[in-house]
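Each remark here refers to the structure printed beneath this line.
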Amino acid sequence: QVQPVESGGGLVQAGGSLRLSCAASGKSFSTIAMAWYRQAPGKPREFVAAVSSGGLGNYADSVKGRFTISRDNAKNTVYLQMNSLKPEDTGVYYCTVGGSLWGQGTQVTVSS
């Protein structure tokens with residue numbers, strides 16, 4: 001496995017949507033759980049969502065019902081669909097491969 005690469009961040013108004021992508025190479029991608037974390041300025045990194053190798057997702061309470069995590073094993077890519085965005089969703093979003101490899105992050109800014 002190599003370091004994952006995130007994309008899709010940007011500036012959006014409250015109530016808007018964004019879709020983040022995380023591309024991770026490696027033959028064993030389909031067998032590894034993937035997750036998204038985020039870090040707001042001055043705060044510790046926090047869990048957002050994870051998807052198992054079988055496609056089962058789980059979410060932080062703060063994003064349940066608004067965010068959806070999915071994976072496309074044919075493309076070695078994990079997605080995070082973010083709807084009904086709030087200013088408190090602002091931060092750098094990181095993708096992790098199995099909790100051991102981390103991307104550089106992509107900035108998400110939600111304006112009020």
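Model, not experiment: these values are computed from the prediction.
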Any [X] side-chain heavy atom under 4.5 Å of [Y] side chain:
X	Y	answer
Ser21	Glu6	no
Thr109	Val12	no
Met34	Phe29	yes
Leu20	Val108	yes
Tyr93	Val48	yes
Pro4	Leu101	yes

Arg38: partners by salt bridge (charged side-chain N to carboxylate O under 4.0 Å, His left out), with sequence neighbours left out: Glu46, Asp89

Gap between atom [atom2] of [Y] and atom [atom1] of [X] - 0.5 Å precision:
X	Y	atom1	atom2	value
Ser30	Asp72	OG	CG	11.5 Å
Phe67	Met82	CZ	CE	5.0 Å
Ile32	Ser53	CD1	OG	9.5 Å
Leu80	Leu18	CG	CG	9.5 Å
Thr68	Arg19	OG1	CZ	11.5 Å
Cys22	Arg71	SG	CZ	10.0 Å

Ser17-Asn83 side chain donor-acceptor pair, cut-off 3.5 Å: yes

Pairing residues for Glu88 by the side chain to side chain donor-acceptor pair (under 3.5 Å) criterion, not counting sequence neighbours: none

Common cluster, Val63/Val51, ILVMFWY with side-chain heavy-atom separation under 4.5 Å: yes

Under 4.5 Å side-chain linkage, directly or through intermediates, the cluster mates of Tyr37: Phe47, Val92, Tyr94, Trp102

Test item: Thr77 side-chain N/O and Lys75 main-chain N/O as donor-acceptor pair under 3.5 Å: yes

For Gly91 against Gln107, the heavy-atom pair lying closest together: O-NE2, 3.4 Å

Shortest non-hydrogen contact between Tyr59 and Ala49, atoms and distance: CD2-CB, 3.6 Å

